[in-house]
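First comes the structure, then the notes that go with it.
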Amino acid sequence: MQGSRAAQFELYKLYAKAMYNVALRILNYEEEAEDVLQEAFLDAFTRIVDFRQETTFGLWLKQIVINKSINYLRKRRMEFVSTDEISEVPDEDSFDYSEMQLQAEEIRQAIIQLPDGYRVVLSLYLLEGYDHEEIAHILKISENTSRTQYMRAKKKLKSILEMKGMRDE
């Protein structure tokens with residue numbers, strides 16, 4: 001028992017900061033991210049026998065963190081923009097971050113200002129590396145909704161960053 005506690009603590013030290021950051025990017029609230037982190041580790045340690053080693057422990061834990069974060073958002077009744085009226089989704093490559101030459105902190109602050117639905121899809125796609133099919137599955141939305149949320153998030157992010165640029169001049 002003592003050995004497993006020590007091993008659990010080592011895993012916690014190894015993954016806690018990264019998993020907290022994943023939860024924080026999705027939830028946007030430190031307290032909820034801390035709650036998700038604790039619950040995710042508790043789940044992982046309770047269900048360690050379910051870990052099949054088909055992937056790394058970190059990826060398995062990250063999936064638990066993402067799912068718990070999404071559940072917290074659902075509790076807040078996060079709503080995604082309906083895409084019924086949209087027939088075509090524009091190319092995703094129309095926004096060029098390199099032109100803006102902003103510090104990472106300015107971008108992080110701008111992302112925090114995005115509505116939940118936008119921020120979650122943008123974070124899962126850009127920062128966590130999920131594709132729209134995977135995001136649709138995780139969030140239980142259509143791929144088109146995921147693409148639309150991403151497109152609108154980029155547009156809103158650009159607007160926030162441009163407004164900040166005007167204020168700084």
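- Ring geometry, Y125 versus H132: the interplanar angle falls under 30°, so the pair is classed parallel (tilted spans 30 to 60°).
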* Derivation and outcome, side-chain contact (heavy atoms from CB on, under 4.5 Å), residues I138 and Q63 -> CA-CA 9 Å; I138 291 168; Q63 189 62 54; 4.1 Å; yes
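- Annotation for L157 and L114: closest pair N-CD2, 3.9 Å, computed over non-hydrogen atoms.
- In terms of the salt bridge (charged side-chain N to carboxylate O under 4.0 Å, His left out) criterion, K17 has no residue partners (sequence neighbours excluded).
- A donor-acceptor pair is defined here as one N or O able to donate and one able to accept, closer than 3.5 Å; such a pair exists between the side chain of S69 and the backbone of V65.
- Listed here is the closest heavy atom pair of I26 and V120: O-CG2, 3.6 Å.
- Here the closest non-hydrogen pair linking W60 and A44 is CH2-O, 3.6 Å.
- Every pair passing ring pair (Phe, Tyr, Trp, His ring centres under 6.0 Å) that includes a residue from residues 22-41 is listed here, sequence neighbours excluded: Y12-F41, F41-F45.
- The line from CD1 of I135 to OH of Y150 is 9.0 Å long, rounded to the nearest 0.5 Å.
- The two residues V36 and K68 have their closest heavy-atom pair at CG1-CB, 3.9 Å.
- A single hydrophobic cluster is seen to contain both I160 and L127, as judged by linkage of ILVMFWY side chains at heavy-atom distances under 4.5 Å, directly or through other members.
- Annotation: the span from E32 atom CD to L73 atom CG amounts to 7.5 Å, rounded to 0.5 Å.
- Within 6.0 Å of atom CD in E34, more than 12 heavy atoms from other residues, nucleotides or ligands are found, so the atom counts as buried in its surroundings.
- In this structure, OH in Y15 is found 11.5 Å from NZ in K62, a value given to the nearest 0.5 Å.
- Shown here for E134 and G129, the closest heavy-atom pair between the two residues is OE1-O, 4.3 Å.
- Between the CD1 atom in I70 and the CG atom in L27 there is a gap of 8.0 Å [rounded to 0.5 Å].
- Hydrophobic clustering, with ILVMFWY side chains joined whenever heavy atoms are under 4.5 angstrom apart, keeps V22 apart from I112.
- Interatomic distance, CD of E128 versus CD1 of I66, reported as 5.0 Å (0.5 Å rounding).
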* To do: Carefully, step by step, assess D35 and Y72 under the rule side-chain contact (heavy atoms from CB on, under 4.5 Å).
  => CA-CA 10 Å; D35 289 348; Y72 265 71; 3.2 Å; yes
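- Checked by atom type and distance alone, the side chain of R25 never pairs as donor or acceptor with a backbone atom of L124 at under 3.5 Å.
- M19 CE to Q38 CD: the interatomic distance, rounded to the nearest 0.5 Å, is 13.5 Å.
- Taking both residues in full, the closest heavy atoms of V121 and S146 are given as CG1-O, 3.3 Å, listed atom of the first, atom of the second, then distance.
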